[in-house]
Amino acid sequence: PAVPATQEAAAKQPVAFGRVVADKVMLRCWPSAVAMPPVYEDPLAKDQVVALGRSENGFRSVIVPLGPLGYVSKRFAEASADGRVKTKGTKVSFRFKPRSTEPPVAQLEDGTTLHVVGEQDDWYQVRVPGIEAWVAEAEVQAVDATDGAAAKAYEEWRGRQLGEVQARLDAIAAKAAREAKDAQDIAQVRQVAEAFQAEMRK
């Protein structure tokens with residue numbers, strides 16, 4: 001049976017929020033205590049509000065609104081004319097660096113929507129909701145569940161991330177509009193030139 005919209009919305013709402021208490025926190029790809037853990041490129045600043053997930057090995061899973069910044073090879077993605085991008089193929093690798101030698105953090109299903117924020121050579125720099133990121137338990141502190149300011153701060157963060165994605169789509173649309181206008185101008189100039197030449201031949 002279909003989940004009622006209200007239930008669905010509630011299910012999407014994070015159950016708990018936390019506040020970053022360290023000065024600069026790198027988001028780890030896994031709950032691992034190795035000296036130089038693989039990390040995502042977008043660190044968290046002190047007082048950043050995050051949604052909290054499960055605990056494991058002294059680490060806490062944090063949920064970034066659209067997911068942490070990672071990379072997907074352009075070979076395994078397809079873009080529509082308006083710039084929207086989806087994965088192409090089964091078990092498409094989501095990596096923390098734009099290198100195929102790095103181990104994948106997650107494998108994405110065919111047709112997964114990629115929130116693209118940039119491009120680097122043969123890679124899309126993307127966010128994918130649901131990809132886990134980890135911080136040490138000591139780096140984040142749970143906040144009161146009734147703290148409305150935390151929920152508001154989290155929504156504002158989500159808005160900023162969506163804005164980054166939309167800015168790229170807007171730039172693609174603007175470029176397409178400019179190219180269409182240029183093509184139209186060229187066609188008009190050619191038409192005038194042809195009409196002028198026809199007159200000269202008379």
Side-chain angles (χ1 to χ4, degrees), residues 2-3 7-18 20 25-44 48 50-137 139-140 154 157-158 160-169 172:
V3 180
Q7 263 185 307
E8 196 176 26
K12 283 184 184 170
Q13 279 297 313
V15 288
F17 291 107
V20 174
V25 174
M26 298 307 294
L27 291 168
R28 295 168 184 244
C29 300
W30 297 286
S32 163
V34 294
M36 293 290 289
V39 294
Y40 295 107
E41 291 179 354
D42 45 348
L44 300 177
Q48 172 72 60
V50 294
L52 298 176
R54 61 203 172 96
S55 292
E56 192 177 312
N57 297 339
F59 293 91
R60 191 72 186 255
S61 160
V62 296
I63 296 106
V64 177
L66 296 188
L69 270 180
Y71 294 86
V72 169
S73 169
K74 290 182 180 178
R75 287 184 303 152
F76 303 109
E78 55 188 354
S80 57
D82 66 358
R84 294 177 197 279
V85 180
K86 293 189 173 191
T87 55
K88 179 179 66 180
T90 53
K91 294 187 176 175
V92 173
S93 294
F94 174 88
R95 301 176 192 275
F96 63 95
K97 286 203 181 305
R99 288 200 295 263
S100 53
T101 50
E102 301 289 355
V105 178
Q107 293 190 313
L108 309 174
E109 295 296 316
D110 186 32
T112 299
T113 296
L114 302 174
H115 294 290
V116 180
V117 295
E119 297 178 37
Q120 198 169 316
D121 300 325
D122 297 328
W123 300 82
Y124 284 117
Q125 187 182 36
V126 304
R127 294 186 186 279
V128 180
I131 300 276
E132 283 187 311
W134 298 82
V135 297
E137 291 272 11
E139 293 173 330
V140 68
Y154 188 81
W157 188 20
R158 185 173 187 275
R160 287 194 301 274
Q161 290 194 342
L162 283 169
E164 263 189 313
V165 174
Q166 192 58 48
R168 176 184 166 271
L169 294 175
I172 288 169

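Put simply, the side chain of V126 does not reach to within 4.5 Å of the side chain of V117, judged on heavy atoms. At least one side-chain heavy atom of V64 sits under 4.5 Å from a side-chain heavy atom of L27. Counting heavy atoms from C-beta outward, D42 and P68 have side chains that approach closer than 4.5 Å. By the 4.5 Å heavy-atom criterion applied to side chains, F59 and P37 are not counted as neighbours. Residues V135 and V20 are not in side-chain contact: their nearest non-hydrogen atoms beyond the backbone lie 4.5 Å or more apart. Side-chain contact check for E164 versus H115: every heavy-atom pair is 4.5 Å or farther apart. Looking at heavy atoms from C-beta onward, P38 lies out of side-chain contact with R28 at the 4.5 angstrom threshold. Between R127 and F94, every side-chain heavy-atom pair lies at or beyond the 4.5 Å cut-off.
Around atom NZ of K86, no more than 12 heavy atoms belonging to other residues, nucleotides or ligands sit under 6.0 Å away. Counting heavy-atom neighbours within 6.0 Å of R75 CZ, excluding the residue itself, gives a total of 12 or less.
Side chain of R95 to backbone of E102: a donor-acceptor contact under 3.5 angstrom is found. A distance-only check finds a donor-acceptor pair linking the side chain of D82 to the backbone of R84 [under 3.5 Å]. With hydrogens and angles ignored, the 3.5 Å screen pairs no side-chain donor or acceptor of T112 with any backbone N or O of T87.
Taken from NZ in K88 to CG in L108, the straight-line distance is 14.5 Å, to the nearest 0.5 Å. Atom-to-atom distance recorded for L44:CG and M26:CE is 9.0 Å, nearest 0.5 angstrom. The OG1 atom of T113 lies 11.5 Å from the CG atom of L66; values are rounded to the nearest 0.5 Å. K97 contributes atom NZ, which lies 11.0 Å from atom CD of Q125 (distance to the nearest 0.5 angstrom). The line from CZ of F76 to CG of D122 is 11.5 Å long, rounded to the nearest 0.5 Å.
The two residues V105 and Y40 have their closest heavy-atom pair at CG1-OH, 2.9 Å. Residues R168 and G118 share a closest heavy-atom pair of CD-N, 4.4 Å. Pairing each heavy atom of I131 with each of A106, the nearest pair is CD1-CB, 3.5 Å. Contact between D121 and K74 at its shortest, heavy atoms only, is O-NZ, 3.2 Å. For the pair L52 and G18, the tightest heavy-atom approach, listed with the atom from each and the gap, is CG-N, 3.7 Å. Pairing each heavy atom of I63 with each of G53, the nearest pair is CD1-N, 3.7 Å.
The aromatic rings of W123 and Y71 stand perpendicular to each other, their planes meeting at an angle above 60°, with 30° marking the opposite boundary. Ring-plane geometry between F17 and Y154 is classed as tilted, the angle between the planes lying from 30 to 60 degrees on a 0 to 90 degree scale.
Looking at residues two or more places apart in sequence or on another chain, you find no salt bridge (charged side-chain N to carboxylate O under 4.0 Å, His left out) involving R60.
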* **Evaluation steps, side-chain hydrogen bond (donor to acceptor under 3.5 Å, both in side chains), between Y124 and E119** => CA-CA 5 Å; Y124 284 117; E119 297 178 37; 5.1 Å; no

